[in-house]
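Data block below; observations after.
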Amino acid sequence: MSLVFSRDEFDSRLQNVQRELELKGLSGMLIHTPENIFYLTGYQSPGYYMYQCLVVPAFGDPVLVLRRGELSNVQTYSWLPESQVRTYDDTNDPVALTADTVREIGIAPGAIGLETGSWFLPVRNYQKFEKMLGDFRLTDAQGTVEGLRVIKSPAEIAYIREACTVADRSMQAGLDAIQAGVNEDEAAAAMFSGMILAGGEYLGMEPFISSGYRSGNMHAAWGHKVIGDGETLLLEVAGARNRYHGALMRAAYTGTPTDEIKRVTEVCIASLNAAIEAVRPGVTAGEVDEACRGTIERAGLYEQFRKRTGYSIGVAFAPDWGEGHIMSLQRDDDRVLLPGMIFHIPPALRVPNRYGVGFSETILVTETGCEVLTKLPRELTLAKGVNA
């Protein structure tokens with residue numbers, strides 16, 4: 001067994017969830033989100049595209065329902081004994097097995113929670129539950145687990161520190177590979193190689209690298225384009241350790257940057273600095289956003305920004321490495337920052353199909369302020385141009 005957290009930490013998490021269920025008057029909860037299943041049990045596998053559900057009673061032991069072929073991964077990564085696992089073959093109906101499990105473990109008819117916002121609870125499965133659990137009242141319990149995940153434990157923070165080191169090395173490898181005449185694919189390959197050789201694991205989302213006009217387009221991954229002279233490049237990558245992520249964004253330019261690129265770079269870095277300086281316990285997410293966004297607005301560049309300032313980051317499976325659905329740093333958000341929260345703050349200024357620059361850090365809210373966990377210099381990287 002390869003538990004990434006102590007059994008005491010897993011037990012505490014389960015107790016906290018069950019306490020929330022009791023407070024909400026729920027007799028149990030069906031958890032379909034891979035991150036939440038991992039958070040409570042340690043179970044992980046890229047095979048989460050197949051049905052899986054953690055059945056959590058308000059009192060007693062949870063039971064994991066999943067594909068038969070994944071049983072060995074439960075044995076490898078999870079604290080769950082085999083008596084708390086139910087498996088289905090590919091020709092079986094896993095929703096029916098889940099409904100049977102609810103009754104088998106003695107969850108009393110009444111209100112039972114579901115994650116109505118989970119990507120892994122499709123409408124047709126919800127409708128099946130309505131029929132198969134007709135004596136229960138299906139109740140929206142979205143956020144029950146996520147509300148506990150937003151503040152990281154010391155062990156979680158340690159994994160995110162490791163992930164940030166991976167992100168730093170991956171980014172540096174990508175920046176080192178950039179020069180005019182090099183294909184974006186080569187720089188992407190360098191980023192992947194740097195990530196893996198630094199101990200990085202499979203990511204919740206692919207790295208991004210784009211040059212020239214493509215750098216102005218959000219979420220542009222490598223695209224087989226040859227990097228030209230006098231072009232901006234936007235790179236964003238994460239590192240992952242035991243499913244915990246840290247992310248980093250940097251910009252580069254081939255040759256000598258224009259005055260326009262120098263200016264947007266200065267504003268972008270200033271907005272990131274302002275956000276970091278604003279982070280401390282007791283301030284609101286909206287106040288951090290105001291520090292970042294306000295810097296950009298005063299420079300007259302808000303139309304090139306128009307997004308949130310940052311988002312929570314932690315445990316993740318594809319399709320996203322962030323936890324923005326749990327908490328974001330955004331306009332008028334009055335949620336208060338607390339020690340142990342971790343955010344990725346990625347201000348970027350883009351002109352679609354022209355250019356883009358961006359700089360980010362992964363930061364930890366400490367007892368007294370903020371610690372930046374990613375470590376690369378916060379500056380525009382100048383890469384070789386054609387005449388260099």
(request) Provide the full list of salt bridge (Lys or Arg N to Asp or Glu O under 4.0 Å) pairs with a residue in residues 268-282, sequence neighbours left out, each pair given once. (result) none
(request) Assess the side chains of Thr254 and Glu231: does a donor N or O sit below 3.5 Å from an acceptor N or O? (result) no
(request) Give a yes-or-no answer on whether the side chains of Thr116 and Asp140 include a donor-acceptor pair shorter than 3.5 Å. (result) yes
(message) Show the nearest heavy-atom pair for residues Ile342 and Thr362, with the distance to one decimal.
(response) CG2-CG2, 3.7 Å
(request) Verify whether one side chain among Asp176 and Gln172 offers a donor that lies under 3.5 Å from an acceptor in the other. (result) yes
(request) Give me the ring orientation class for His325 and Trp119: parallel if the planes are under 30° apart, tilted from 30 to 60°, perpendicular past 60°. (result) tilted
(request) Indicate the atoms forming the closest heavy-atom contact of Leu66 with Gln52, along with that distance. (result) CB-CB, 4.1 Å
(request) Calculate, to the nearest 0.5 Å, the distance between atoms CD and CD1 belonging to Glu361 and Ile345 respectively. (result) 9.0 Å
(request) Please list, chain by chain and in numerical order, all residues satisfying salt bridge (charged side-chain N to carboxylate O under 4.0 Å, His left out) with Arg350, sequence neighbours excluded. (result) none
(request) Determine, for Glu184 against Arg214, whether the closest basic-nitrogen to carboxylate-oxygen distance falls under 4.0 angstrom. (result) yes
(message) Using every non-hydrogen atom in the two residues, find where Ser271 and Pro347 come nearest and quote the distance to one decimal.
(response) OG-CB, 3.5 Å
(message) Under a plain distance cut-off of 3.5 Å, with no hydrogens placed, do Asn273 and Arg378 share a side-chain donor-acceptor pair?
(response) yes
(message) With no hydrogens and no angle check, just 3.5 Å: does a side-chain donor-acceptor pair link Glu146 and Asn36?
(response) yes
(request) Would you tell me whether Thr101 and Arg86 have side-chain atoms, one donor and one acceptor, within less than 3.5 Å of each other? (result) no
(message) Would you say Glu156 and Tyr244 are linked by a side-chain donor-acceptor pair, where the criterion is simply a distance under 3.5 Å?
(response) yes
(request) Step through it carefully: locate the ring centre of Phe317, locate the ring centre of Tyr48, and say whether they are under 6.0 Å apart. (result) yes
(request) Give a yes-or-no answer on whether the side chains of Ser45 and Glu70 include a donor-acceptor pair shorter than 3.5 Å. (result) yes
(message) Could you see if Leu97 belongs to whatever hydrophobic cluster contains Phe136? Use Ile, Leu, Val, Met, Phe, Trp, Tyr and a side-chain cutoff under 4.5 Å.
(response) yes
(message) Just by distance, no angles: are the side chains of Thr258 and Tyr253 close enough, under 3.5 Å, to form a donor-acceptor pair?
(response) no
(message) In terms of relative ring orientation, are Phe10 and Trp79 parallel, tilted or perpendicular, with 30° and 60° separating the classes?
(response) tilted
(message) Assess, by modelled atom type and distance only, whether the side chains of Thr232 and Ser215 contain a donor and an acceptor separated by less than 3.5 Å.
(response) yes
